[in-house]
Amino acid sequence: MKRYRTDDIRNIAIIAHSGAGKTSLGEAMLFNTQTTERLGRVDEGTSTLDCDPDEIKRKITISTAVAHCEWQDTKINFLDTPGYADFIGEVKSGLRVAESAIVAICATAGVEVGTEKVWQFADETPLPRIIAVTKVDRENADFFKTVDSIRATFGTKCIPIQIPIGSQESFHGIVDLITMKAIIYDKSSSGTFGEQDIPDDLKETAEKFHNDLVETAVESDDELIEKYLEGEELTVDELKRGLRQGVVAGDTYPIICVSALKNIAIQPMLNALVSYLPSPANSNMIEGKAPQSEETVKRMPKEDEPFSALVFKTTADPFVGKISFFRVFSGTAASDTQVYNSCKDSMERMGQLFFMRGKQQVSIDRIYAGDIVAVAKLGVTASGDTLCDKANPIILPGIDFPMPTLAMAVEPKTKGDEDKIGTGLTRLTEEDPTIIVRRDAETSETIVEGMGEVHLEVTADRLKRKFGAEVNLKTPKIPYRETIRGTSKVEGRHKKQTGGRGQYGHVFLEISPLPPGSDFEFEDKIFGGAVPRQYIPAVEKGVRETLVEGVLAGYPLVDLKVTLYDGSYHPVDSSEMAFKIAASMALKKGVMEASPVLLEPIMDVEVTVPEYQMGDVMGDLNKRRGKIMGMEPKGNNQVIKAQAPLAEMFRYAIDLRSITAGRGLFVMEFSHYEEIPAAISQQVMEKLKQEQEQ
């Protein structure tokens, strides 16, 4: 493959709301650059980019696909990111290694919730972007209405550089507002087009949009402003120069219109990507940290700088092994060489380097600054790690992955699959850092946390397909606690005579409550040797072992004090075991006499929502037995701070998405334990009894 200089590379993330046509746009780019021989279609399962079996089955993009094509002596690396909210981590990783973005907006739906979210993510960097109004050929499509929606949402920086010729079924070309020429396509979907004068019925509209474009383009260049104010007409090259400066500076967002399925206006879009979007060489100096230090290390995006790269994506395959995708920020590296993982303080051997295009691998010998490449079977490297030159180490800023919002318990459908499940989940967490797997010691469940219901369902499907382990997903058990509200004094006596040496242990215990969070306290108040000193540790051990399973529902007992204040012993028959049993018997009896209650975990919850949706969200939290603790503004949103029982929050990610149409976000963490209302406590105990009987 031809070697491309850093100046001649474009790294572009395609981002959008789900269903806006991102993948179809990428397929059209591959076809029109003659990278592929056919126009792949998502609905028919022939997409080059959505090649994963789960993507073909669900007809959605699940993981970011990396592909490249060549146009006008420029290499375009594009990252087709998911639009579905459950796979937001993939969007974050794709944006981290791109210099720019294409924001796809459907001409029938306009700006949607997902559009607003990905736009916000692109603002965080910030990234220059081009807006592609897609599906202009669809029924009810309205380009001009969509433009109004875009400008109302994202501001007047968004400016059309094309307008469609025809609409919906009759869409067959565009007016290029820079050259003021019409580009007409034939009906074969081959991408064949011809250039002609603007149709009479569009001349007035085109002139108006052209004037708006000229005013926008000159704003970024003093020379062009002066020429414009003097009434001189700007050349096409001058308009392109001014537009590029505005785009690179983040002051202008060009709007184009396309139909990926009819293959209309894809070539002008490719021209715009090359002409207006920045290359890696246009990036600022790269800053990172020295390993084990806060010292700032800087790199320029040049080939003669020390090698540095960020691993942004990992795929796990049970046969091929691990494939790591990385973006080279500086320097160069060759296949079959050693590189340094500065995050893990470990050397890695890079085998054969290759570019990915769907499933296809294109082998290369060397990679240069600005490019995106993949390599197989790195030992310890994971997503977010930095690969660099050992003699010039740097740790690049990682990827800000979101925290999981939904947790489910995983159980094997077939006994004996536990090892397969464990191995598979470990590999899948390497592939997707937004999946967290943990073992709950109290409930003995394996818990998988993810970004939503579909995310966890896909994880279960991949476990089956890749690792042969079928699992059920179910709501996790709640780690309840038990405690007491009153005090009691009880006697525990264990006496057994079976011939020969018997068993004898006898204790008096006082049981009393402690403040919340105190756990357990044992006090010895024996005087005069009523219980010999050598048996007192056995009494405490018997008590502690009994605390593990409470008397109400078998949950751990907490926040109580046990005082040993009297007892008796037998000089021959007493033993540590006898006193241990006596203490256990006494504690069980004493807890039942000390007003036992059930406690539930309470979570601190922070929900970020638009102000106009606050009422609905707070009402829903109240229904979940939540307590609103306060509110504070955050940009255009409000943050609601609340406390709510964990038992009511397991499916909150799904319900919040429904209530807020996907605009709401939340995080939560454990706060404390609190007594369950009596009616609910009874339901919990009845449910546990039913589970034990099954």
Side-chain angles (χ1 to χ4, degrees), residues 13-27 40-67 79-94 114 312-325 356-361 374 383 401-402 404-408 410 412-413 417 420-421 423-437 448-474 653-654 657:
I14 309 178
I15 57 178
H17 184 90
S18 181
K22 300 177 305 303
T23 302
S24 297
L25 208 58
E27 294 291 339
R41 299 186 184 273
V42 175
D43 290 341
E44 297 173 3
T46 59
S47 169
T48 300
L49 301 170
D50 282 356
C51 55
D52 185 273
D54 294 308
E55 295 176 322
I56 295 170
K57 171 185 171 184
R58 297 173 185 270
K59 293 182 170 57
I60 61 171
T61 301
I62 290 173
S63 60
T64 295
V66 182
L79 301 104
D80 176 30
T81 67
Y84 202 82
D86 283 21
F87 308 104
I88 196 173
E90 294 282 336
V91 181
K92 290 269 193 176
S93 61
F312 67 94
K313 176 180 172 62
T314 305
T315 60
D317 188 283
F319 306 108
V320 177
K322 185 167 67 173
I323 298 177
S324 301
F325 293 77
M356 290 292 290
R357 189 185 294 132
K359 290 182 178 179
Q360 182 186 1
Q361 297 179 4
S383 295
F401 288 110
T405 58
L406 182 66
M408 299 290 279
V410 174
K413 283 188 177 180
D417 274 359
K420 283 185 184 178
I421 293 171
T423 301
L425 287 174
T426 299
R427 298 283 291 277
L428 290 177
T429 55
E430 292 177 356
E431 184 173 343
D432 186 352
T434 59
I435 297 173
I436 293 178
V437 179
V448 179
E449 299 179 22
M451 300 306 300
E453 196 169 26
V454 174
H455 190 198
L456 295 182
E457 287 174 359
V458 168
T459 300
D461 289 346
R462 287 180 168 175
L463 267 178
K464 177 182 177 181
R465 178 169 50 82
K466 290 186 173 185
F467 305 99
E470 290 191 66
V471 298
N472 293 318
L473 296 174
K474 63 178 187 177
I654 300 166
R657 190 175 295 169

For [X], give me all partners under salt bridge (charged side-chain N to carboxylate O under 4.0 Å, His left out), at least two apart in sequence or on another chain.
X      : answer
Arg462 : Asp52, Asp54, Glu431
Asp417 : none
Lys420 : none
Arg41  : none

Is the shortest side-chain heavy-atom distance between [X] and [Y] below 4.5 Å?
X      : Y      : answer
Val437 : Thr426 : no
Met356 : Thr315 : no
Arg657 : Asp86  : yes
Ser24  : Val42  : yes
Phe312 : Leu79  : yes
Lys322 : Arg427 : no
Thr434 : Pro404 : no

With rounding to the nearest 0.5 angstrom, report the [atom1] to [atom2] distance, [X] to [Y].
X      : Y      : atom1 : atom2 : answer
Thr46  : Ile56  : OG1   : CD1   : 9.0 Å
Phe401 : Ile435 : CZ    : CD1   : 11.5 Å
Ser93  : Phe325 : OG    : CZ    : 10.5 Å
Thr423 : Leu428 : OG1   : CG    : 10.5 Å
Leu456 : Met408 : CG    : CE    : 7.0 Å
Leu463 : Ile421 : CG    : CD1   : 7.0 Å

Problem - Passing candidate, side-chain contact (heavy atoms from CB on, under 4.5 Å) with Asp80, options Thr61, Leu25, Ile15 - result: Thr61
Partners meeting side-chain hydrogen bond (donor to acceptor under 3.5 Å, both in side chains) with [X] (sequence neighbours left out):
X      : value
Thr459 : none
Gln360 : Arg357
Thr429 : none

For the student: nearest non-hydrogen atoms of [X] and [Y], plus distance:
X      : Y      : value
Ser47  : Thr23  : OG-CG2, 3.6 Å
His17  : Gly114 : ND1-N, 2.8 Å
Glu55  : Asp50  : OE1-CA, 3.3 Å
Glu27  : Leu49  : OE2-N, 2.9 Å
Thr405 : Ala653 : OG1-CB, 3.4 Å
Thr64  : Lys313 : O-CE, 2.9 Å

Which residues pass the side chain to side chain contact (heavy atoms under 4.5 Å, CB included) test with [X], not counting sequence neighbours?
X      : answer
Glu470 : Lys413, Lys464
Ile88  : Phe121, Pro402, Met451
Lys359 : Cys51
Ala460 : Val471, Leu473

Practice task
Please assess Glu430 against Thr314 for the test side-chain hydrogen bond (donor to acceptor under 3.5 Å, both in side chains), listing each intermediate value before the final yes or no.
Solution key: CA-CA 7 Å; Glu430 292 177 356; Thr314 305; over 6 Å; no
Problem - Partner residues of Phe87 under the ring pair (Phe, Tyr, Trp, His ring centres under 6.0 Å) criterion, sequence neighbours left out - result: His455
